[in-house]
Every structure is written in C-alpha cells, then in structure tokens.
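The structure appears right after this line, and notes come after that.
We count residues from 1, following the sequence as given.
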Amino acid sequence: MLEIQIARLADAPALADLFLGHIDAHREYISHGEIQMGVGEGVVRDGVLEARPAADARKKWMKYIHEHIANASFAEVWKAVDDGRIVGFCVADIEEDGDVPFGMVCDVLVREDYRGHGAGGLLLQTAIDWLRGRGIRDIYLESGKNNHAAHRFFEKRGFAHVSEIYKLG
C-alpha cells in the first residue's frame, strides 16, 4: 500500500539513487535548478542546451538533500513508500527573497513503473498542504524545458506556465 512519509537522513542514499538514475536516463528533467546547484551541467551549442549530470552530482545532491531534510523550519522532504520501498519523493521549501515568502516545489519524482498510480499527485498535494499550512499563498515550481509529461502533470493540478529561463552560451 502506498504511503507518503517524511524522509529522514537515512533515506538520502536511496533518494539519491532514484534521482541520479532518473536524470541520467532522462536529461530533459535537468533544469536551471540542477545546473545552478552543480548537480547538472548545461552547455549551449548552436542555441540548444545540452544537459547531463555533473561528474560529482551525487556529492552535490547529497549536500542539497541533507540540508532540506535537516531544516524542517524552511523545507520538507517526503517519500512515497510502497511495501517498504521508496518509489518517489518530493522536496519543497519556503523562500524569503521576494516581497513576501513564497513556496517552491523543488522536485517531484516518481519511479517510472509507479507513474499513473497516484504517487506523484499525493506527493505534490502533500507539499502544497505543507506550504499552505505555513501561510504560504504563492507556490512555484520549475521543470526542465523538454520535460513535457511533467508539464502536463503540473498543469492538470492547477499550475500555470509563468516564465522562461535562458542561459548564456
């Protein structure tokens, strides 16, 4: 039975395996967020971004996920668990560099064989509820440019396309 649980530091290696395995197989997941944090690399060739995981992606992602798990005052990480196995996760945090604090859904990732069974929707709704429970009204997320399946998933849940991000070559 699928359950959504708060992730713990002991879950970080399994979350990293899921995340890094996915971005290695699906480069379209890599967005400016992964590139800015150094988990992904992006090279612009002839006006087209070529993205790939960074050589030290695991080290950098483990630092990121540890910070988010350890700082429940501004961030939370949830895992989707089925029969004791992590099948997805979601990361959200509260940003305070705007006019008012806003929420950011940093990652929603579900194993391919579990997609279409509700895990992603439950994870995303858990993040939204957590942010709303902290008084957050504006909630954003970002997604890789060609991650069209994710875009449809988010739009079905009420998110609207707001802007484009460009990287100088």
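Here salt bridge (Lys or Arg N to Asp or Glu O under 4.0 Å) pairs that include residues 27-47, with residues two or more places apart or in two chains, are Asp24-Arg27, Glu41-Arg52, Arg45-Glu50.
Listed here is the closest heavy atom pair of Ile30 and Gly40: CG2-CA, 4.4 Å. Across Asp138 and Ile136, no two heavy atoms sit closer than the pair O-CG2, 3.3 Å. Nearest heavy atom pair, residue Ala72 against residue Trp130, reads O-CZ2, 3.8 Å. Taking each heavy atom of Gly118 and Leu2 in turn, the nearest pair found is C-CD2, 4.4 Å. Shortest non-hydrogen contact noted between Ser143 and Ser31 is C-CB, 3.8 Å.
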Would you be so kind as to tabulate the donor-acceptor pairs closer than 3.5 Å made by side chains of residues 97-112, with sequence neighbours excluded?
residue, atom, partner, partner atom, Å
Asp107, OD1, Tyr29, OH, 2.8
Asp107, OD2, Tyr64, OH, 3.0
Arg111, NE, Asp113, OD1, 3.0
Arg111, NH2, Asp113, OD1, 3.2
Arg111, NH2, Asp113, OD2, 2.9
Glu112, OE2, His26, NE2, 2.5

With a 3.5 Å cut-off and sequence neighbours excluded, list the donor-acceptor pairs that the side chains of residues 3-15 form with protein atoms.
residue, atom, partner, partner atom, Å
Asp11, OD1, Lys79, NZ, 3.1
Asp11, OD2, Arg8, N, 2.7
Asp11, OD2, Lys79, NZ, 2.9

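Counting only distance, with no hydrogens or angles, the side chain of His66 and the backbone of Met62 share a donor-acceptor pair below 3.5 Å. A donor-acceptor contact shorter than 3.5 Å links the side chain of His161 to the backbone of Ser163. Of the possible donor and acceptor atoms, none in the side chain of His151 sits under 3.5 Å from a partner among the backbone N and O of Asn146.
Residues Glu76 and Thr126 fail the side-chain proximity criterion, which asks for heavy atoms closer than 4.5 Å. Residues Leu49 and Lys167 form a side-chain contact, since some pair of their non-hydrogen atoms from C-beta on lies under 4.5 Å apart. Under the 4.5 Å side-chain criterion, counting only non-hydrogen atoms from C-beta, Ile94 is in contact with Leu131.
Residue Lys63 holds its NZ atom at 10.5 Å from NE2 of His68, rounded to the nearest 0.5 Å. Going from atom CG of Asp129 over to atom CZ of Arg132 covers 9.0 Å, rounded to the nearest 0.5 Å. From Phe153, atom CZ reaches atom CZ of Arg115 across 9.5 Å, with rounding to the nearest 0.5 Å. From Glu142, atom CD reaches atom CZ of Phe159 across 12.0 Å, with rounding to the nearest 0.5 Å. Here the straight-line distance linking atom NZ of Lys145 with atom CD1 of Ile165 works out to 12.5 Å at 0.5 Å rounding.
Cluster annotation: Leu18 and Val91 are assigned to the same hydrophobic cluster (Ile/Leu/Val/Met/Phe/Trp/Tyr, side-chain heavy-atom contacts under 4.5 Å, transitive). Hydrophobic clustering (side-chain heavy atoms under 4.5 Å, transitive across Ile, Leu, Val, Met, Phe, Trp, Tyr) groups Trp61 together with Ile35. Cluster annotation: Ile65 is not connected to Leu124 through the hydrophobic network of ILVMFWY side chains, with a link wherever side-chain heavy atoms come within less than 4.5 Å. Residue Phe89 is grouped with residue Ile23 when hydrophobic side chains (ILVMFWY) are merged at heavy-atom distances under 4.5 angstrom, including chains of intermediate members. Side-chain heavy atoms closer than 4.5 Å link hydrophobic residues (I, L, V, M, F, W, Y) into clusters, and following such links, possibly through other members, connects Leu122 to Tyr114.
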| request: Would you please test Ile128 and Gln125 for side chain to side chain contact (heavy atoms under 4.5 Å, CB included) and show each step? | output: CA-CA 5 Å; Ile128 291 168; Gln125 191 59 54; 3.9 Å; yes
| said: Between Leu20 and Asp17, is the side chain to side chain contact (heavy atoms under 4.5 Å, CB included) condition met? List the steps. | reply: CA-CA 5 Å; Leu20 296 169; Asp17 290 344; 6.0 Å; no
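Residue Asp83 qualifies as open at atom CG: its count of foreign heavy atoms under 6.0 Å is 12 or below.
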